[in-house]
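Report on one structure; see the data block that follows.
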Amino acid sequence: MSLPVQSLPPGWRIEARSPHSPRFEDCAIRITSPNGETVEYLARPYQLECEITRQLEDALVEPESAVAA
């Protein structure tokens with residue numbers, strides 16, 4: 001079953017990194033469970049998946065920027 005989720009359950013964490021991130025050449029999405037176990041999806045900068053990861057990275061940063069303002 002696939003359900004759209006707008007927020008993560010308590011203890012879960014998602015990170016997105018792209019070549020726009022400092023010291024990061026590839027694109028990656030990392031999901032961390034409350035137990036500290038992680039899964040990571042990698043893509044090269046020229047792949048479509050990398051552009052989507054960059055968009056996710058931007059979207060994850062936007063709420064933090066709005067709170068800081």
Check: Are Ile29 and Val39 co-members of a hydrophobic cluster defined by side-chain heavy atoms under 4.5 Å apart?
Finding: yes
Next item on the list: Identify, with sequence neighbours excluded, every residue that meets salt bridge (Lys or Arg N to Asp or Glu O under 4.0 Å) alongside Glu51.
Entry: Arg54
Item checked: Heavy-atom closest contact (Pro45 atom, Cys50 atom, distance) -> CA-SG, 3.5 Å
Next item on the list: Calculate, to the nearest 0.5 Å, the distance between atoms CD and CG belonging to Glu15 and Leu60 respectively.
Entry: 9.5 Å
Notebook entry, point to check: Do any N or O atoms from the side chain of Ser33 and from the backbone of Glu37 form a donor-acceptor pair under 3.5 angstrom?
Noted result: yes
Next item on the list: Please report the shortest heavy-atom distance between Pro10 and Pro34, naming the atom on each side.
Entry: O-CG, 4.0 Å
Notebook entry, point to check: Of all heavy-atom pairs between Tyr41 and Ile31, which one has the smallest distance, and what is that distance?
Noted result: CE1-CD1, 4.3 Å
Notebook entry, point to check: Would you say the side chain of Ile52 lies within less than 4.5 Å of the side chain of Leu56, judging by non-hydrogen atoms?
Noted result: no
Notebook entry, point to check: In Å and rounded to the nearest 0.5 Å, what is the CD1 to CZ distance from Ile14 to Arg30?
Noted result: 11.5 Å
Margin query: For a quick test of reading the model, state the closest non-hydrogen atom pair linking Gln47 to Arg44 and the distance between them.
Written below: OE1-N, 2.7 Å
